[in-house]
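See below for the structure under consideration.
Letters A, B, ... mirror the listed sequences (proteins, then strands); counts begin at 1. Only this structure's heavy atoms are used, side chains among them; waters, hydrogens and symmetry mates stay out.
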Amino acid sequence: MYLLERPEGIPSRLTNRVRTRVAVLAVLLAAALATILFRLWSVQVLDGERYRALAEDNGIREIRVQPARGHVLDRNGEVLVGNRTVMALELRPSDLPPDRPERRRVLARLESVAGLSHAVLQRKLREAPRHTGYPIVLKQGLSRALIFYLLENQRDFPGVSVERTYVRDYPHGSLVSHALGIVGQVSPAQLARPAYRDLEPGDVIGQSGLERTYDRYLRGIAGEQRVQVDALGRPKAELPGVAGRPGASLRLTLDAGLQETAEGALAERGLPGGFVAMDVRSGAVLAIGSYPTYDPAFYVRPHTAAEYSRLERRSGAPLLNRAIQGGYPTGSAFKPITATAALEEGLIEPDTIFNDTGSFDVGGLVLHNAGGAAYGAIDMSDALQVSSDVYFYSLGLRARASGRHGQIQDWAQRYGLGQRPGIDISGASAGLIPTPAWRNRVYRKGSNPYIDRPWTQGDNVNLAIGQGDVQVTPLQLARAYAALANGGRLVTPHIGGRVIGSDGETIARIKPEPKRRLRISESTRSTILEGLNRAAMEPGGTSYSVFGSFPVAIAGKTGTAERGEGSPDQSWYAAIAPYGDPRIVVAATVERGGFGVESAAPIVAQILERYFDADRGKTAYPLDRSYAGVE
Amino acid sequence: MEAGAKPLTIAPRGPRLAERLRLSYVDGILLGTSIGLAALSVFVLATATSEEIAGQPGYFAIRQGLYAVVGVALMVALAQLDYTRLSDLRLSIYVTLVAAIALVLLGGAAVRGSQRWIELPLFRFQPSELAKVLLCVSLAAFAFDRVRRPFGIGATLSLLALGLGPAALVFLQPDLGTGITFAVITVAILYIAGVPWQHFAAIAAVAALIGGGALAVGSTLGIDVLRGYQEDRLTSFLNPGDDPSDSGYQAEQAVIAVGSGEIAGRGDDATQSELLFLPERHTDFIFAVIGERYGFAGTTLVVLLYGVLLWRLLRILRLAGSFYGTMIAGGIVAMLAFQVILNIGMNLAIMPVAGIPLPLLSYGGSSVIGTLIALGLLQSIHVQARRT
């Protein structure tokens with residue numbers, strides 16, 4: 001207590017009691033100050049580094065900068081899918097306050113500020129994936145007032161953010177919508193896969209179609225912006241971040257003009273159907289489509305599960321891509337496959353003549369030509385020209401079939417029927433080529449009410465003309481005809497052509513190898529092609545009424561398949577052009593379209609017309625040079 | 001050079017200024033420390049709050065400087081005053097202080113939900129800051145009347161009531177921190193006055209009973225004795241980081257600021273205060289600003305300055321010529337020590353966030369001037385003691 005001693009000469013007036021109390025007070029104060037110093041030492045010296053790091057983190061916000069997704073272009077550089085930016089109102093449910101009443105208050109504020117109905121917000125929350133960090137897009141296209149209000153009052157809206165995001169833009173509306181596919185947020189299951197390991201919740205990837213197949217090129221690399229923010233989240237300064245990279249563009253083999261014509265021609269029928277136009281040598285798809293179609297912009301806007309199921313259930317199943325998923329009996333369009341089998345297996349010679357009496361007896365069941373015609377003595381080429389069923393019934397009867405094989409079945413398989421086509425969009429159907437083993441198995445299982453008896457040779461007869469259980473998609477038929485046209489190469493169809501980087505250089509060329517080479521003799525090939533050419537261009541040919549005066553020589557085959565009692569027939573047409581030097585194959589089908597020549601053939605004619613118009617307009621159609629696979 | 005010429009000398013022209021102001025009797029160390037702290041406040045405000053108000057970089061520093069000048073003038077003037085005469089005015093002083101607090105309650109300006117200020121033409125005045133000093137002066141005088149004979153419980157209780165009355169009024173503003181300061185002053189004066197330990201024990205027991213009972217009954221009846229945020233502050237002190245939006249958050253940000261200063265401070269690279277993570281940084285959390293900008297060196301200097309201040313105050317308490325002066329000094333020491341410890345403790349997250357300014361350092365005219373007036377009174381006690 002020396003420090004508190006009275007200066008010399010001033011007598012103490014304090015009692016001992018008070019002096020003690022003052023001393024106690026002094027000790028207490030000294031202890032308090034010592035405690036403070038001790039705490040300061042601990043906080044600033046011992047733990048200072050940790051707090052420094054905390055302080056530095058405090059003010060830095062890392063913002064993931066979504067890259068612009070690459071464009072999808074047609075073969076001429078026409079933009080089919082672009083981007084536009086929208087301000088999106090996002091909510092990360094995991095960042096909402098854990099306390100229920102507080103959570104409700106935040107949501108209520110959000111509802112009133114953003115003009116969302118309680119029901120909609122609740123539904124979105126329910127439907128959202130329940131995973132940490134997953135944002136739900138509540139609304140797109142926000143007013144400036146709302147954006148600024150939310151930014152200034154971020155404290156009141158935990159978990160809510162306004163993000164500038166890219167969304168897909170479709171300048172051509174629903175054109176090619178099935179093949180293009182859609183983009184969407186990466187799912188938690190996808191995030192676990194190695195292909196998506198650099199992504200974060202909320203990133204957008206291609207979820208179907210070309211967007212999915214070529215996602216790794218289109219996606220780009222997200223950047224990171226590091227911004228110094230104050231306690232209210234207001235940006236103060238930009239710190240060096242990590243630059244992202246926009247996605248590369250995908251140039252398709254599709255021709256937007258041809259696609260437009262084709263979709264228009266199919267839509268004119270007003271019936272569900274599909275078409276494929278393809279380069280016979282490279283498998284480059286020039287046009288591919290399905291009707292009815294849908295507007296891919298639907299997926300751009302936030303939508304509810306109910307809205308989605310309404311779209312899915314709309315009449316005509318618009319989400320089904322009939323060009324690759326619609327498997328139907330092809331009717332007579334199958335005959336070139338039967339013809340190949342018969343000629344290559346030696347069942348007949350090209351000049352073998354059958355007498356078509358107009359009817360055919362299979363074990364007591366009498367079958368007739370369509371329309372009850374009788375063509376008399378005809379050879380293979382004639383039979384293809386007039387599409388004589390009786391001629392092909394005979395081949396079906398002669399062709400052997402047992403177990404999982406058959407002479408027609410094996411050739412159909414070689415032509416790629418009953419197999420997935422290997423196209424660069426997912427979901428393509430394998431179709432079905434019926435074999436005795438298959439039919440007997442299904443019959444034994446009893447799973448299909450239409451398969452009510454085991455395999456008989458009659459089924460083989462039916463298959464010979466593309467009726468019965470056989471199922472082929474337009475893409476498969478086009479691919480099979482392409483193999484016939486190009487001398488036996490079973491091409492791998494592809495819609496993607498080239499991947500082009502942001503500075504215009506080609507990053508990748510998409511040139512898939514042919515799946516296999518069919519051994520078809522030149523005489524077989526020319527016999528069949530001649531028959532198909534005569535079917536289209538010679539009087540008496542099944543599609544002469546459509547192609548008789550077509551300026552380019554083509555080879556084409558109608559198909560009319562029974563769809564069951566009471567339903568109009570499935571209409572098919574497949575064509576190869578030009579006849580002498582095949583370059584393009586077109587296949588089209590229309591559900592309930594009637595005879596092949598009624599619905600499908602005119603669609604193919606319109607596609608070919610447009611193709612050759614464009615061809616004449618340009619000195620060199622880029623088809624062969626840039627995308628031809630081999631040679 | 002002429003022979004016989006007078007050597008050039010400067011003749012004393014009357015008493016020196018220091019003598020006229022009787023500065024020679026003033027406690028120089030206390031005076032220096034007081035002015036030093038006030039100057040430090042101006043300096044910190046000038047460097048740390050220059051961007052606080054757009055276009056007016058010196059807003060806080062200039063005003064604080066002005067308050068300090070006024071306060072120091074008042075302090076020096078008060079040092080001349082014979083404080084013992086205040087004893088005669090005890091009743092009017094007491095009535096004045098109660099009236100001032102009541103006036104705020106009736107017609108004060110509400111800022112952030114509490115009425116603590118009176119709008120004056122030039123500035124907003126917070127009467128409770130001055131009232132604290134007035135309480136020391138008047139309560140010490142009332143106690144001085146009783147010290148000749150041993151304290152009965154009645155005397156203790158009446159003094160307690162005199163002190164806790166204004167405390168209750170302040171508490172109603174609501175200003176929990178200042179209310180508690182009033183109570184601390186009261187207890188300190190009773191303590192110095194020599195109220196027996198038994199009385200304190202009884203008071204503490206009753207206070208605990210009443211306080212605990214009120215909280216218990218209040219919560220069962222659904223009446224909030226403490227306002228939500230007050231309860232928050234007290235409880236969040238126990239669970240820091242519980243609630244990012246409130247006082248736990250403030251305390252946490254304050255500790256981060258202080259800690260991030262490390263030994264030498266971050267100077268102009270300070271982010272906690274610059275980026276507004278630190279709330280109330282020119283008032284309640286100015287210590288954290290000093291901690292961040294000037295590190296352990298700066299905070300130690302501040303704590304040492306307060307140490308010197310308190311040492312000089314305790315010393316005056318010992319040497320006061322009158323026991324009245326001792327009691328005034330006791331109240332003021334307790335008042336300043338409580339504010340310093342609570343405020344710094346709050347900045348270091350070892351005390352609850354209670355909205356108590358750091359004497360002389362926190363920005364605010366009422367607080368700075370009130371504190372300097374209190375120090376002026378102590379100087380007066382010192383001067384009186386040295387003159388006799």
Atom [atom1] of [X] and atom [atom2] of [Y]: how far apart are they, to the nearest 0.5 Å?
| X | Y | atom1 | atom2 | result |
| --- | --- | --- | --- | --- |
| A:Arg19 | B:Thr326 | CZ | OG1 | 11.0 Å |
| A:Leu54 | B:Glu252 | CG | CD | 8.5 Å |
| B:Glu262 | A:Asp47 | CD | CG | 10.5 Å |

Return the minimal non-hydrogen interatomic distance between [X] and [Y], and the atom names on each side.
| X | Y | value |
| --- | --- | --- |
| A:Trp41 | B:Phe296 | N-CE1, 3.5 Å |
| B:Ala349 | A:Arg39 | CB-NH2, 4.1 Å |
| A:Leu29 | B:Ala337 | CD2-CB, 3.4 Å |
| A:Arg21 | B:Val195 | NH2-O, 2.6 Å |
| B:Ile256 | A:Tyr51 | CA-CD2, 3.6 Å |

- Task: Decide yes or no on side chain to side chain contact (heavy atoms under 4.5 Å, CB included) for A:Val18 and B:Phe323, but give the supporting numbers first.
- Result: CA-CA 10 Å; A:Val18 173; B:Phe323 192 59; 3.8 Å; yes
Near [X] [atom1], under 6.0 Å, is it more than 12 heavy atoms from other residues, nucleotides or ligands?
| X | atom1 | answer |
| --- | --- | --- |
| A:Glu102 | CD | yes |
| A:Arg109 | CZ | yes |
| A:Arg197 | CZ | no |

What residue, out of [options], has the most heavy-atom pairs lying under 4.5 Å from chain A?
| options | result |
| --- | --- |
| B:Ile263, B:Ile341, B:Val333, B:Thr299 | B:Thr299 |
| B:Val255, B:Thr300, B:Ile344 | B:Val255 |
| B:Gly307, B:Gly295, B:Gly261 | B:Gly295 |

- What part of B:Phe287 is in contact with chain A, defined as an atom under 4.5 angstrom from a non-hydrogen atom: side chain, backbone, both or neither?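 Looking at B:Phe287, just its side chain touches chain A.
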- Message: Under 4.5 Å from any heavy atom of chain B, what part of A:Leu25 do you find: side chain, backbone, both or neither?
- Response: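 The answer is both parts of A:Leu25.
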- Residue, of A:Leu28, A:Val43, A:Leu40, that accumulates the most heavy atom pairs under 4.5 Å with chain B: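 Heavy-atom pair counts peak at A:Leu40.
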